[in-house]
Asks: 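I am attaching a structure below and will ask some questions about it afterwards.
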2 protein chains.
Amino acid sequence: MANNSVMEDTLKVLKDHKLRVTPQRHIILAYLASHHNHPTVETIRDGLSKELPNMGSSTIYNTLNTFVEHRLVVELQNGDGSTHYDYFGTPHYHAICTNCGKIVDVTYPGFSKDEKTLEERTADISGYMISGNHMEVYGLCPECQVKLGVKK
Amino acid sequence: MANNSVMEDTLKVLKDHKLRVTPQRHIILAYLASHHNHPTVETIRDGLSKELPNMGSSTIYNTLNTFVEHRLVVELQNGDGSTHYDYFGTPHYHAICTNCGKIVDVTYPGFSKDEKTLEERTADISGYMISGNHMEVYGLCPECQVKLGVKK
DNA sequence: TTCCTATGTTGGAATCATTACAAAGTAATT
DNA sequence: AATTACTTTGTAATGATTCCAACATAGGAA
């Protein structure tokens with residue numbers, strides 16, 4: 001389970017966002033901050049079954065929706081039918097495998113600048129007042145390249 | 001409804017992709033190619049109720065899934081709970097209103113090059129064999145800026 | 001500390017988009 | 001024109017997500 005510093009950090013995050021601190025919120029956020037597995041609601045429920053065996057799915061949905069509204073977390077679809085969640089501690093985007101659904105975080109030096117450029121350009125063109133973006137890149141993960149016998 | 005040249009063009013597109021040409025596929029693709037309203041399955045059903053009154057939702061889902069697999073069409077979520085579809089005739093990305101869900105197409109000179117750069121960089125970093133990407137930018141559309149009384 | 005109230009949690013029911021399936025129809029090839 | 005694999009259709013099934021009402025509690029006020 002999450003170590004103490006993750007628990008302290010996530011507690012601070014909740015307070016900074018003026019969210020009422022409940023055990024459920026705190027543990028779910030700590031789970032997300034310490035796992036980079038892009039879990040679904042079910043994955044989170046299973047992962048926290050020791051700590052909070054009676055936590056209902058509704059609570060997880062409610063909590064995640066709250067986090068998404070506060071921009072602590074982003075939603076991802078990988079084509080398997082349910083939504084995956086990712087703690088957004090540092091700016092990054094996602095590469096998603098079109099065969100197995102595996103999601104990995106990607107970033108590079110200058111990514112934040114590129115993001116900002118895209119947002120400014122979009123504001124100029126569309127007239128929207130931009131508040132965020134999502135970028136996803138699709139392809140075959142290394143394992144599936146081998147599994148399917150494709151060659152580069 | 002779609003004019004003749006759209007019907008001819010979409011017929012060619014179906015044949016080029018070696019898709020069996022059925023009235024349903026042809027009319028749905030022509031609808032998508034001539035409307036830039038990012039319709040849902042229901043919107044398409046309503047829009048084509050004159051031409052094909054007996055077309056079932058299953059057919060629309062089947063057809064759209066086929067088009068997505070062939071990369072003729074992309075799926076979009078705007079937060080209203082159902083999936084929106086967009087004919088992908090020319091490269092572009094989307095700006096989505098976080099208040100009303102309105103989706104607009106955006107592009108700019110050099111967008112295709114930027115896309116390619118992103119894909120190559122992602123391949124290098126992640127090891128994925130890249131086949132495509134989606135970019136979305138979120139914010140308030142001009143109407144909702146006025147409606148909500150926000151100022152730039 | 002204790003009380004109070006707004007807010008959060010729970011679990012089960014309800015909803016709604018999407019898929020599965022089997023029967024009937026049809027495009028395109030021989 | 002016959003054949004066959006593929007498509008359409010309607011309905012049933014699925015499954016993720018939301019709704020709701022009762023209960024619980026975090027955190028501020030006294």
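Since the structure is predicted, the reported quantities are computational estimates derived from the model, not experimental observations. To find a chain, count down the sequence lines: A is the first, B the second, and so on, and within it residues start at 1.
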Asks: Return the value, rounded to whole Å, for the distance between atom CZ of A:R45 and atom C1' of D:dA16.
Replies: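 Spelled out: CZ on A:R45 to C1' on D:dA16 is 13 Å.
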Asks: Check step by step if side chain to side chain contact (heavy atoms under 4.5 Å, CB included) holds for B:I44 and B:Y31.
Replies: CA-CA 8 Å; B:I44 294 171; B:Y31 178 90; 4.0 Å; yes
Asks: Passes side chain to side chain contact (heavy atoms under 4.5 Å, CB included), B:H26 versus B:L14? Steps please.
Replies: CA-CA 8 Å; B:H26 195 180; B:L14 289 175; 4.1 Å; yes
Asks: If each of A:R25 and B:K15 is mapped to the nucleotide of DNA chain C with the nearest heavy atom, which maps nearer the 5' terminus, i.e. the 5' end?
Replies: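 Taking each residue's closest nucleotide, the earlier one in sequence belongs to A:R25.
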Asks: What heavy-atom pair brings B:K102 and B:E143 nearest, and what distance separates the two atoms?
Replies: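 Looking at all heavy atoms of both residues, the shortest contact is NZ-OE1, 3.5 Å.
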Asks: On DNA chain C, nearest-nucleotide positions of B:R20 versus B:S82: which is more 5'?
Replies: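 That would be B:S82.
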Asks: Using atom NE2 of A:H26 as one end and atom C1' of D:dA26 as the other, report the distance to the nearest whole Å.
Replies: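 One finds 14 Å between C1' of D:dA26 and NE2 of A:H26, rounded.
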Asks: Enumerate the residues from residues 56-72 of chain A whose closest heavy atom to DNA chain D is under 4.0 Å, giving them by residue number; use none for an empty result.
Replies: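 Those residues whose heavy atoms fall under 4.0 Å from DNA chain D, taken from residues 56-72 of chain A in numerical order, are A:S58, A:Y61, A:N65.
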Asks: Within less than 4.0 Å of OP1 or OP2 of D:dT25, is there a side-chain N or O belonging to A:Q24?
Replies: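 False: A:Q24 side-chain N/O out of range (4.0 Å or more) of D:dT25 OP1/OP2.
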Asks: Taking the ring of A:H92 and the ring of A:H94, is the distance between their centroids below 6.0 Å?
Replies: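 Here the rings of A:H92 and A:H94 have centres that are less than 6.0 Å from each other.
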Asks: Measure from CG on B:L19 to C1' on D:dA5 and round the result to the nearest Å.
Replies: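 Answer to the nearest Å: 15 Å.
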Asks: Would you mind listing every ring pair (Phe, Tyr, Trp, His ring centres under 6.0 Å) that reaches into residues 49-69 of chain A, with sequence neighbours excluded?
Replies: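 Pairs touching residues 49-69 of chain A that pass the test: none.
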Asks: Side-chain contact test, heavy atoms from C-beta onward, threshold under 4.5 Å: evaluate it for A:L148 versus A:L140 and give yes or no.
Replies: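 Of all side-chain heavy-atom pairs linking A:L140 with A:L148, at least one is under 4.5 Å.
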Asks: Of the options B:T10, B:D9, B:D16, which is the one that meets B:K12 in a side chain to side chain donor-acceptor pair (under 3.5 Å)?
Replies: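 Of all the options given, the one that passes is B:D16.
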Asks: With a 4.0 angstrom cut-off to heavy atoms of chain A, pull out the first and last contacting nucleotide of DNA chain C, in 5'-to-3' order.
Replies: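 Going 5' to 3' along DNA chain C, contacts run C:dA6 to C:dG12.
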Asks: Is the distance between the ring centroids of A:H134 and B:Y138 less than 6.0 Å?
Replies: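 Yes; B:Y138 has its ring centre under 6.0 Å from that of A:H134.
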